[in-house]
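Naming: A, B, ... by sequence-line order, numbering from 1 per chain. Note that the structure is predicted; figures quoted are calculated from it, not measured. FYI, side chains are in, hydrogens and waters are out, and symmetry mates aren't considered; it's all heavy atoms of this structure.
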There are 2 protein chains.
Amino acid sequence: MILKSISVDCVIFGFDNQSLKVLLSRQNPEVILNQINQQESWEEVKHLFENHPSFSNNPSWNVIGAHIPSTTDLDAFAREIVENATGMNDVYLQQFHCFGQVNRVPNHRVITIGYYALINPTHHLIRKSVAVKALEWFDPTALPPLAFDHAEIVQKALESLRQEVQYRPIGFHLLPEQFTLTEFQSLYEVILGKKMDTRNFRKKIANMNLLIDTGEKQKNVSHRAAKLYRFDMDVYEQLKREGLKFRIE
Amino acid sequence: MILKSISVDCVIFGFDNQSLKVLLSRQNPEVILNQINQQESWEEVKHLFENHPSFSNNPSWNVIGAHIPSTTDLDAFAREIVENATGMNDVYLQQFHCFGQVNRVPNHRVITIGYYALINPTHHLIRKSVAVKALEWFDPTALPPLAFDHAEIVQKALESLRQEVQYRPIGFHLLPEQFTLTEFQSLYEVILGKKMDTRNFRKKIANMNLLIDTGEKQKNVSHRAAKLYRFDMDVYEQLKREGLKFRIE
DNA sequence: TCAAAAGTGTTTTATCTACACCCATGG
DNA sequence: CCATGGGTGTAGATAAAACACTTTTGA
């Protein structure tokens, strides 16, 4: 059974070395429904999804989401939604807010639980499955018209990400496995919306011991090749346990 | 109509100058139901509430909560719940997490949205209405057996509070209108679970200009009477806007 | 006059900020 | 050899931490 009053919306963020992007959809309800929830009675699900922002037939864009089946855990369902849209299932997912105004969706009382996801779009190509009518990256500060309260949802996701990124070293989830310090800094500049001093930034990062020099370098760049680093998961886990004295601002 | 799959649980925190407390309930479902939702069909509501942790007949304690009617905004309903339990409606309320494991409540799929509230229990007496079978303050680190996943809910509320209190000056919501610097410090010590240096703490607070000297002093204390301060709401609002460089750790 | 908590400054140490030039690479 | 971004250190300012004694009050 699908729970009619509850949906999950996933604000999927990506970073392409220049800017932060958010993935929005215009979808084909019939196809994706078959796929997500084969055990459901078609009519019931169709009704629900047609009335849900993510599957509505109107021309506006939507945050990617769906109504949750009664047999799926909340976190697991968010993961399912992201995997369905992108083909990736090892993404960083964070529940950030539950939206519950009575009139956020016309004609239906739908409470939606918002998650944001961090993925690296350049290294994992988005799977444009048959289910997807349209799936595109947008600049979160210049969104197209969005369905219902989805602009608010993206806004709040962005705020939560900005908050979180300052105190937890989660930014690397938006980067490929190997990255340069400049990319790392640029990530923070883009998310926080301000320029930082290169030397000071590098000093701070170095003190945290979160990055490992891979010994490799960029190739085929028309300038001095930058060193490539990767994230040290052990230090990351340790920092998380110790209350993490990670701070970037 | 009551939404059967969605409840709101409010973890109500209080501070009595020595320790942080959390308000838990054992309630009389029949009476409170009449009160909360007179327009509902009795049988439907009774069924729901009897199966909801906050209104179950088992002897364990519950976080104070209820199922949300389809006609009430989420935030407003949380406020209603707190007002119903305490008689206070100007409390600080913060949504902190949505709990959605399939089996968190046996036999029913109930997703619950968790809020925490900060109140000052010494100055606003908890109204023990007819609806309340039992309502008591507990040490959040030494809870009685709690229904379902309510221990986890309290735990997560506490973690969220600890997080939030360090970066936003919300602590004063737990204090009476006028308070001493020692009380203010003690509040932080209790929430964060560690002793702080008095002189350094006072320096920090003084730099923020968040407190106003009322000119008054404690009375009838058997030691030097401390100055009484109150919160400066204007500075508070300003700090909130400016991204608040408030930090206590 | 005693007990109990209030109140107050200075020195040391760590962290943050501002700032400018040389280096490596491909075209 | 030029354009482009990569990479580095130091000095001054600011904030954090450590630390002990005097004051006020009621009993």
Side-chain angles (χ1 to χ4, degrees), chain A residues 15-19 122 166-167 169 175-176 178-190 192 194-230 239 242-249, chain B residues 16-19 166-167 169 175-176 178-190 192 194-230 239 242-249:
Chain A
F15 178 69
D16 64 2
N17 283 357
Q18 324 289 324
S19 57
T122 59
Q166 288 179 64
Y167 304 119
L175 294 171
Q178 298 194 357
F179 49 87
T180 68
L181 287 175
T182 305
E183 284 165 354
F184 199 55
Q185 180 178 342
S186 157
L187 174 69
Y188 280 95
E189 290 181 340
V190 162
L192 300 177
K194 61 178 174 194
K195 287 283 168 202
M196 295 174 177
D197 181 276
T198 307
R199 282 177 285 194
N200 294 337
F201 181 86
R202 290 180 179 220
K203 248 180 293 172
K204 221 176 221 175
I205 297 300
N207 284 337
M208 290 170 188
N209 294 318
L210 271 167
L211 300 189
I212 298 175
D213 185 342
T214 63
E216 298 181 51
K217 290 188 171 187
Q218 285 181 314
K219 283 174 183 157
N220 303 318
V221 286
S222 72
H223 53 76
R224 176 172 174 177
K227 285 184 179 177
L228 290 169
Y229 292 83
R230 62 186 172 78
L239 271 187
E242 288 171 6
L244 27 109
K245 48 179 185 178
F246 176 90
R247 185 160 171 89
I248 289 194
E249 60 181 348
Chain B
D16 64 2
N17 284 355
Q18 325 288 324
S19 57
Q166 288 178 66
Y167 303 119
L175 294 171
Q178 298 194 358
F179 48 87
T180 68
L181 288 175
T182 306
E183 284 164 354
F184 198 53
Q185 180 177 342
S186 158
L187 174 68
Y188 281 94
E189 290 181 339
V190 161
L192 301 177
K194 62 178 175 194
K195 287 283 168 200
M196 295 173 176
D197 180 275
T198 306
R199 281 177 286 194
N200 293 337
F201 181 86
R202 289 179 180 221
K203 247 178 293 171
K204 220 176 223 176
I205 298 299
N207 283 337
M208 290 170 188
N209 294 318
L210 271 167
L211 301 190
I212 298 174
D213 185 342
T214 63
E216 297 181 53
K217 289 189 172 185
Q218 285 181 314
K219 282 173 182 157
N220 303 317
V221 287
S222 72
H223 53 77
R224 175 170 176 179
K227 286 183 177 177
L228 291 168
Y229 293 83
R230 64 186 171 79
L239 271 186
E242 288 171 5
L244 26 107
K245 48 181 185 178
F246 176 89
R247 184 157 172 91
I248 289 193
E249 59 180 351

Sugar-phosphate only, base, or nothing, as touched by B/T182 at under 4.0 Å among non-hydrogen atoms: sugar-phosphate
Gap between atoms CG and P, on B/N200 and C/dT13 respectively (whole Å): 15 Å
Residue closer to the 5' end of DNA chain D, B/K204 versus B/D197 (nearest nucleotide): B/K204
Atom-pair distance (CD on A/E183; C1' on D/dT4), nearest Å: 15 Å
d(NZ, A/K203; P, C/dA18) in whole Å: 11 Å
Rounded distance in Å - CG (A/L228) to P (D/dG6): 11 Å
Any donor-acceptor N/O pair under 3.5 Å between D/dT24 base and B/K217 side chain: no
Side chain B/Q185, main chain B/R202, donor-acceptor under 3.5 Å: no
Atom CZ of B/R230 with >12 non-hydrogen neighbours under 6.0 angstrom: no
Between P of C/dC16 and CD of A/Q166, the distance in whole Å: 13 Å
Side-chain donor-acceptor contact under 3.5 Å, A/N200 with A/K203: yes
A/F179 and A/F184 aromatic ring geometry - parallel, tilted or perpendicular at 30°/60° bounds: parallel
Whole angstrom value for the distance that separates P of C/dT15 from CD1 of A/I248: 15 Å
Length of the NZ-P vector between B/K195 and D/dA17, whole Å: 17 Å
Of residues 218-227 of chain A, the positions that come close to DNA chain C - non-hydrogen atoms, cut-off under 4.0 Å: A/V221, A/S222, A/H223, A/R224, A/A225
A/I205 CD1 - D/dG7 P separation (whole Å): 14 Å
Sugar-phosphate, base or nothing in reach of B/N207, heavy atoms under 4.0 Å: nothing
Heavy-atom side-chain proximity of A/F15 to A/L175 below 4.5 angstrom: yes
Side-chain donor/acceptor of B/R199 to base of D/dA20, under 3.5 Å: yes
From CA spacing to verdict: side chain to side chain contact (heavy atoms under 4.5 Å, CB included), A/F246, A/L210: CA-CA 10 Å; A/F246 176 90; A/L210 271 167; 3.8 Å; yes
Between CD on residue A/Q218 and OG1 on residue A/T182, distance to nearest 0.5 Å: 7.5 Å
